[in-house]
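So the structure is just underneath, and the comments pick up after that.
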Amino acid sequence: MTRKLAPFAALALFCLGSAAAAEEILPQTAPVVLNADDTQGETVCELVFMGGVELEPGENEIGGISSLSWHEGDLVGVLDDGRWIRLTPDEINGRLVDLIALEGGTLHGTDGKKLRKKRDADAEALTRAADGSWLVAFEQDHRIWRYAALDGPAARTELPIADLTFGAKDNAGLEALALSPDGLIACGEWVGSDIPNCMSEQGGGLVSFEVDPPAPLQERGGVPTDADCASDGTCYLLFRSYSRELGNAAAIVAIAPDNTSNTLATMLPPTTLDNFEGLAVRENAGRTYLYIASDNNFSGDQRTLIMKFEVASARKDVPLDAPPVTATPDAQYETVSVVLETEMGDITVALETERAPITAANFLRYVDEDRFDGTVFYRAMSLDREPRPNGLLQGGTQFDPDRILDGIEHEPTNVTGLSHTNGALSMAMGEPGTANGDFSIMLQDQIGLDAQPDSDDPVWKNGYAVFGYVTDGMDVVAAIHARPTDPDKGEGWMKGQMLADPVTIIDVRRAEEATE
């Protein structure tokens, strides 16, 4: 029985057989978790879960996704009934929460006619070639065709890598096709035979090699089902298996440019699973993301899942150094050091009592009266740009009436001479004069938060008030900032920036007290 889904979002599907034949339907999505038995779980081995959705088939029976590719902000895929599909993800703070657009159509043959017979239309692998065309691999009638556009006619190819399927069974052909910096890489739907299951173009020739599934999938008959490559030459290969007794399982293996492999994750129950057949790589701002999709086989007993993961080991973060902020060539300004003891480590800050006397004195009053003790860091905002990590970490009293004091006079940065550089402490506020007991710490320079006196916008005209800088513990700041956020928490433009598990600020005290 097909499970009915709540109406989380309406998507438009346009069948591109012709403009006149375009038909709009409204399929629905529902969110999925990584593990229904542990809704707080966010990792599986080296992968960090970044959200997922289930896509209901709808009137046009969307399903059978057999391969994925990331292109210009969309997930492009082929279906094993001879159709193509384009999905536009909706993401909050990097987490996949919905699909906001969907279009697709039927693949055509070299004669320009739609593919209809199963033997001709069984598309199993997709990649974008160096010339911008699409390469689609089919099984049963094993071949690779080239499409200048997926809604246009096909062209035959004579790609040597297609020889991988010579002698292959009808229903066990080329399942993975991807483009690396060295050339194409392909894998077939078999393991442990006399013929290696993968082949790659290297140095103008072809190299055959075997990639074995991780041990748990070997026992379950695991085989390759899709692949995609990152710009550094690392290719990611998806394995899947199914048995009536044990159910579904999946694994993702990283293949280095020298064809050696490393298992990133093995997915077994109770992890959310189905018949995963599609994998796409997305690179953005120093991070590598993998999208995987399941093939529902057009059955009410299976689902179309689309899930997103980050490859933690592929992060290209820049270490955060505490800036030398209290000294200038001309002067040394008075500061007071304060230690923020958190459950993840200590952060030491220098409060600018001379250059920002009102704001620093306000913070010290909260410190001396223990108003910060037991509060939390609750917000981690990130920006999609280099270097990483970046953004800000926010914590404090969160308008707790038993903790907050009256708002204070605003000290803009064009008056204090301070700036929102890496490690800066800045007061949170709605408008000038409302800052009380919430503050932020900058990760990388965020000088756009400084006062901009020429701006017509009152918010940016006044900017935010910097009143100190981190002098030790930026590694702790970065570690807290890297914790998972909840896509459903927060309001307005802060939605998706709230930590799923806020980090407790145990004690805040003057540094001289910490050494007594």
Side-chain angles (χ1 to χ4, degrees), residues 322-328 330-340 347-373 375-379 392-443 445-455 457-473 477 505 507-514:
V325 295
T326 61
T328 70
D330 302 319
Q332 182 79 25
Y333 296 98
E334 292 182 2
T335 63
V336 172
S337 290
V338 168
V339 177
L340 288 74
I347 304 166
T348 303
V349 301
L351 303 182
E352 294 279 351
T353 52
E354 182 175 349
R355 289 193 281 184
I358 297 172
T359 316
N362 174 70
F363 193 86
L364 281 172
R365 183 177 174 187
Y366 278 82
V367 172
D368 294 339
E369 296 178 6
D370 297 330
R371 293 177 181 270
F372 286 134
D373 297 356
T375 60
V376 295
F377 282 110
Y378 55 85
R379 178 187 174 208
L392 60 83
L393 178 67
Q394 187 168 323
T397 55
Q398 295 182 278
F399 297 101
D400 182 343
D402 294 330
R403 293 179 182 271
I404 62 172
L405 301 169
D406 292 339
I408 58 172
E409 181 183 343
H410 181 57
E411 292 181 302
T413 54
N414 62 314
V415 173
T416 64
L418 304 172
S419 181
H420 288 82
T421 53
N422 180 39
L425 274 74
S426 177
M427 292 305 300
M429 66 178 186
E431 58 186 25
T434 63
N436 46 56
D438 285 77
F439 61 96
S440 300
I441 301 176
M442 304 301 113
L443 288 85
D445 293 355
Q446 312 292 340
I447 59 175
L449 300 176
D450 289 352
Q452 302 169 34
D454 296 332
S455 176
D457 188 320
V459 174
W460 303 119
K461 183 181 184 70
N462 293 287
Y464 292 83
V466 174
F467 64 99
Y469 295 87
V470 174
T471 56
D472 188 38
V477 174
I505 301 172
D507 182 42
V508 183
R509 56 193 179 275
R510 296 182 187 238
E512 60 265 25
E513 298 174 4

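Quick note: residue numbers are just sequence positions, from 1.
Taking CZ of Arg371 as the reference point, atom CG of Leu405 lies at 4.0 Å (rounded to 0.5 Å). Put simply, OG1 on Thr359 and CG on Leu364 are 11.0 Å apart, with the number rounded to the nearest 0.5 Å. Rounded to the nearest 0.5 angstrom, Leu340 CG and Ile441 CD1 are separated by 6.5 Å. The structure places CD1 of Ile505 at 3.5 Å from OG1 of Thr375, a figure rounded to the nearest 0.5 Å. If you take CE on Met429 and CD1 on Ile408, they are separated by 9.5 Å, rounding to the nearest 0.5 Å. Rounding to the nearest 0.5 Å gives a distance of 10.0 Å between OG of Ser419 and CD of Gln446.
By the 30° and 60° cut-offs, the orientation of the rings of Phe467 relative to Phe363 is tilted.
Between Asp368 and Arg510, at least one side-chain N (NZ, or NE/NH1/NH2) sits under 4.0 Å from a carboxylate O, which counts as a salt bridge.
In this structure, Met427 and Ala435 approach most closely via the heavy-atom pair CB-CB, 3.9 Å. The shortest heavy-atom contact between Pro412 and Asn462 is CB-O, 3.7 Å. Counting all heavy atoms, side chain and backbone alike, Ser337 lies closest to Glu512 at O-OE1, 4.4 Å.
Counting only distance, with no hydrogens or angles, the side chain of Asn414 and the backbone of Gln452 share no donor-acceptor pair below 3.5 Å. Checked by atom type and distance alone, the side chain of Thr348 never pairs as donor or acceptor with a backbone atom of Thr471 at under 3.5 Å. Between the Arg355 side chain and the Thr416 main chain, no donor and acceptor come within less than 3.5 Å of each other. Side chain of Arg403 to backbone of Asp373: a donor-acceptor contact under 3.5 angstrom is found. Checked by atom type and distance alone, the side chain of Glu352 never pairs as donor or acceptor with a backbone atom of Leu418 at under 3.5 Å.
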Take Val338 and Phe372 through the side-chain contact (heavy atoms from CB on, under 4.5 Å) test and state the conclusion after the steps.
CA-CA 12 Å; Val338 168; Phe372 286 134; over 6 Å; no
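Two rings, from Tyr366 and Phe439, have their centers 6.0 Å or more apart.
For residues 428-441, the pairs satisfying side-chain hydrogen bond (donor to acceptor under 3.5 Å, both in side chains) are Tyr378-Asp438, Gln394-Ser440, Thr397-Asp438, with sequence neighbours left out. Listed by first and then second residue, the ring pair (Phe, Tyr, Trp, His ring centres under 6.0 Å) pairs involving residues 394-430 amount to none (not counting sequence neighbours).
Around CD1 of Ile447, the count of heavy atoms belonging to other residues, nucleotides or ligands within 6.0 Å does not exceed 12. Surrounding CG of Asp406 are at most 12 heavy atoms belonging to other residues, nucleotides or ligands under 6.0 Å away.
Considering Leu449, Thr421, Asn422 in turn, Leu449 is the only one that fulfils the side-chain contact (heavy atoms from CB on, under 4.5 Å) rule with Met442.
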